[in-house]
Amino acid sequence: MSLKVYNSLTRQKEEFKPQKGNEVTMYVCGPTVYDLSHIGHARSAVAFDVIYRYLKYRGYDVKYTRNYTDIDDKIINRANKDAVPWNEISERYITAFDEDMAALGVELPTFRPKATATIKEMLNVIQTLINKGFAYVLDGDVYYSVRKFKDYGKLSGKNIEELEAGARVEVDERKEDPLDFALWKASKPGEPWWESPWGKGRPGWHIECSAMSQKFLGETIDIHGGGKDLIFPHHENEIAQSEGATGRPFVRYWIHNGFVNIEKEKMSKSLGNILTIRDALGDYSAEVIRLFLLSSHYRSPIDYSEESLRDAETALDRFYKTVERIESNWPDIKNAPLDKNRGSLQLFIDAMDDDFNTAYTIGRIFDEVNNANRLMDDAIKSGVDRKLKEVLPVIMAIFREMGKILGVFNKTTEEYFQEKKMYLNIPPEEIDKIIATRTEARKNKDFKKADEIRKSLEEKGILLEDTAKGTIWRVKIK
RNA sequence: GGCGGCGUACCCAAGUGGCUAAGGGAGCAGUCUGCAAAACUGCGAUGCAGCGGUUCAAAUCCGCUCGCCGCCUCCA
């Protein structure tokens, strides 16, 4: 089986073959750092994180670049509003973004360049475009002449005539064509600037990605990713810039992730329903959020709602309860190695090979959860655990391997349940004391008192389970 | 208006030509339990928005209709 990837450029699934043997070059558009990142950024980051992890798992040597757009109108506006230097804003939110990514368990890309550290390369690309006749200078600005690029619109499926017809009121009458976009903007007083052959100025938004991907990954890259909304105009313009300048294909596989809605509404500043990654992490653990995000296909729109997140948390609890049950009853099984000959992972690999079908693999993981519980029930009932000892190590190995790829199901049970208990405002010792009182009552057959205690703990978010080995407690899901 | 997508059980969601339409959540019944919880077992779409068509065979392909959404402006 081979890896198949949906390519936004051709609008179909294609067999994935890197241009250079085993090496994969991948570029994903990172954040514009002018504010805290939201759950939509998290989705994109997690989707490409899994793609990155899976490509590595498949044995590819992946060079992955994700940039920071650290110079932009929005950053300048924010700096003016807060009355601080522009780079204080960008630095602040780069740090915040990095923290959020770490909290979500997103692996670090190979390269994480800042736009402002790549100005020299941008100037080179712009100069080349001018020399080749794709761009023109106007009072210190440089514009890309969209009509000069034959293939313009090939990614977004737009054609120039229609864009022209639908063009909004043009504010800049100096441009040769309303569709032309800025490669370089002359700086206004008080704005940050860099020296250039056309005077002091700063880069346009699109040029940085062309320059950075070429600098770190080469003229033609294997994968370029980002949110669906970036297809037009951002990625379309990147193609025009890069292919105009190099004369070579820019990207071989375009991958775009779908949007996150909040309670069925589009997330937007005007609706005031932006959900930051921090706020989400205040309500749910990183693994719950990842499980939620990966339970749908990366290209579909998803709806972030309290109900979906609670469902994900319940499911994740189910997973860890099962692992805990295995570990406490058959401790020697825990670290048994995966026998590669069993082919038990093939199902998962096939699914991931099919355009990274994480939802399917999660379904199969829960099949194995059921399977494991059934085996344990049978073994306890019959007193024979031969089959269990054969199968459970394989299941545990599957959990480990898939956990590494998905970044979910990846904690020890101690970590997982401990983390949940930290959200309670009652000290565990106190809970243990209350439980001891209840155990005493049960021993004396004072079930009325025992039930009262159980009920009062439940009201505080604590669930009791009376097992053969004694009473244990868990944190109730809101 | 142009381009793209979606509509699968009570909710979320996988499945894009052929074995009983995954999985999670919720629900009901049973096993277990002092009672619960957990776990297991069983029940739950004869059906995949609707209507036609192609095919030996369709949720899956084609056409039309209805409904929803995204992009076309900064946006993951």
Side-chain angles (χ1 to χ4, degrees), chain A residues 8 11 13 28-32 34-35 37-48 72-74 77 153 156-159 161-163 165-169 205 225-234 236 256-261 264-269 274 291-292 295-297 299-303 305 307-319 321-322 324-325 347 351 354 357-370 372-378 380-381 442 445-448 450-451 454-455 458 463-468 471-474 476-477:
Chain A
S8 308
R11 297 192 177 80
K13 279 185 205 169
V28 175
C29 291
T32 300
Y34 72 105
D35 206 346
S37 297
H38 54 65
I39 195 72
H41 296 106
R43 184 183 195 192
S44 184
V46 168
F48 288 101
D72 172 89
D73 288 348
K74 288 194 291 280
N77 291 341
S156 55
K158 301 187 183 307
N159 75 60
E161 307 312 322
E162 275 159 8
L163 283 170
R168 309 276 168 107
V169 182
W205 174 35
K228 269 197 162 94
D229 54 321
L230 295 179
I231 292 173
F232 189 88
H234 185 53
E236 198 68 72
H256 292 99
N257 65 274
F259 266 52
V260 181
N261 294 320
K264 306 241 194 267
E265 277 186 322
K266 184 179 168 170
M267 202 176 10
S268 76
K269 295 248 163 172
I274 302 282
L291 179 62
F292 161 70
S295 290
S296 308
H297 189 89
R299 282 189 279 119
S300 314
I302 50 175
D303 188 44
S305 67
E307 194 189 357
S308 327
L309 271 291
R310 226 185 294 119
D311 287 355
E313 184 169 8
T314 307
L316 195 61
D317 262 27
R318 180 171 159 77
F319 172 84
K321 274 186 283 200
T322 302
E324 189 178 55
R325 188 179 172 202
L347 207 59
D354 183 16
N357 194 340
T358 54
Y360 185 87
T361 68
I362 289 166
R364 299 292 70 68
I365 285 169
F366 280 98
D367 281 344
E368 297 303 341
V369 168
N370 288 331
N373 275 312
R374 204 175 307 120
L375 283 166
M376 287 188 281
D377 275 11
D378 288 351
I380 288 165
K381 229 176 272 174
R442 289 182 71 217
K445 308 254 186 239
D446 186 355
F447 296 121
K448 190 167 169 252
D451 291 349
R454 183 166 64 199
K455 194 158 174 245
E458 183 173 348
L463 291 178
L464 298 187
E465 289 177 25
D466 296 327
T467 75
T471 301
I472 60 165
W473 63 277
R474 299 184 188 286
K476 189 181 173 184
I477 294 165

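Letters A, B, ... mirror the listed sequences (proteins, then strands); counts begin at 1.
- A:D303 contributes a side-chain N or O that, together with a main-chain N or O of A:K264, makes up a donor-acceptor pair within less than 3.5 Å.
- Remark: the A:D466 side chain and the B:C35 base include a donor-acceptor N/O pair separated by less than 3.5 Å.
- Side-chain N/O atoms of A:R299 include none lying less than 4.0 angstrom from OP1 or OP2 on B:C69.
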Going through the distances and angles, do A:T471 and A:R454 end up as a side chain to side chain contact (heavy atoms under 4.5 Å, CB included)? CA-CA 11 Å; A:T471 301; A:R454 183 166 64 199; over 6 Å; no
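- Heavy atoms of A:H297 sit under 4.0 angstrom from primed sugar atoms or phosphate atoms, though from no base atom.
- Between A:K228 and the phosphate of B:C72, there is no side-chain N or O to OP1/OP2 separation shorter than 4.0 Å.
- A:N257 and A:S44 make their closest contact through OD1-OG, 3.1 Å (heavy atoms, listed as atom of the first residue, atom of the second, distance).
- Counting distance only, with no hydrogens placed and no angle test, the side-chain atoms of A:R11 and the base atoms of B:G4 include no donor-acceptor pair under 3.5 Å.
- Residue A:I380 contributes atom CD1, which lies 14 Å from atom P of B:U41 at whole-angstrom precision.
- As judged by a 4.0 angstrom heavy-atom cut-off over every strand, A:R442 is placed among the base-contacting residues.
- When each of A:Y34 and A:L463 is assigned the nucleotide of RNA chain B bearing its nearest heavy atom, the one mapping closer to the 5' terminus is A:L463.
- Note on ring orientation: taking the six-membered ring where Trp is involved, the planes of A:F366 and A:F319 are perpendicular (angle over 60°, cut-offs 30° and 60°).
- When the C1' atom is compared between B:C32 and B:A37, the two are found 11 Å apart, to the nearest whole Å.
- Considering only residues two or more places apart in sequence or on other chains, A:N373 meets the side chain to side chain donor-acceptor pair (under 3.5 Å) condition with A:T322, A:R325.
- With hydrogens and angles ignored, a donor-acceptor pair under 3.5 angstrom links the side chain of A:D451 to the base of B:G34.
- Between A:N357 and B:G15 there is a side-chain polar atom (N or O) within less than 4.0 angstrom of OP1 or OP2.
- Taking 4.0 angstrom as the limit, A:W473 places none of its side-chain polar atoms (N or O) nearer than this to OP1 or OP2 of B:A37.
- A:R43 meets the side chain to side chain donor-acceptor pair (under 3.5 Å) test with no other residue; sequence neighbours excluded.
- The residue A:S300 sits close only to the backbone: its heavy atoms come under 4.0 Å of sugar-phosphate atoms, none of a base.
- Taking atom P on both B:G5 and B:G63, the two are 12 Å apart, rounded to the nearest angstrom.
- Not counting sequence neighbours, A:T32 has no partner by the side chain to side chain donor-acceptor pair (under 3.5 Å) test.
- Residues passing the side chain to side chain donor-acceptor pair (under 3.5 Å) test with A:K13, sequence neighbours excluded: A:D354.
- Taking atom C1' on both B:C71 and B:U65, the two are 25 Å apart, rounded to the nearest angstrom.
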I'd like a table of atom pairs between the protein and nucleotides 6-12 of chain B - only N or O on both sides, under 3.5 Å - with the distance next to each one.
| from | atom 1 | to | atom 2 | distance (Å) |
| --- | --- | --- | --- | --- |
| B:C11 | O2' | A:E307 | OE1 | 3.4 |

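- Of the candidate nucleotides B:C74, B:A76, B:A39, B:A39 has the atom lying nearest to any side-chain atom of A:R325.
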Strictly under 3.5 Å: I want the nitrogen or oxygen pairs between protein and nucleotides 19-23 of chain B, one per line.
| from | atom 1 | to | atom 2 | distance (Å) |
| --- | --- | --- | --- | --- |
| B:A22 | O2' | A:R364 | NH2 | 2.2 |

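- The gap from the C1' atom of B:G50 to that of B:A14 amounts to 24 Å, rounded to the nearest Å.
- Applying the Watson-Crick and G-U wobble criteria (two distances, each under 3.5 Å), B:A59 pairs with nothing in any strand.
- For B:U31, the paired base is B:A39 (Watson-Crick or G-U wobble, both distances below 3.5 Å).
- No hydrogens or angles were tested; on distance alone, a donor-acceptor pair under 3.5 Å links the side chain of A:R454 to the base of B:A36.
- Interatomic distance, CZ of A:R442 versus CG of A:D466, reported as 3.5 Å (0.5 Å rounding).
- Rounding to the nearest 0.5 Å places CG of A:L309 at 11.5 Å from CG of A:L316.
- Under the Watson-Crick or G-U wobble criterion, with both distances below 3.5 Å, B:G23 is paired with B:C12.
- The residue A:S268 sits apart from the nucleic acid: no heavy atom pair falls under 4.0 Å.
- Applying the Watson-Crick and G-U wobble criteria (two distances, each under 3.5 Å), B:U46 pairs with nothing in any strand.
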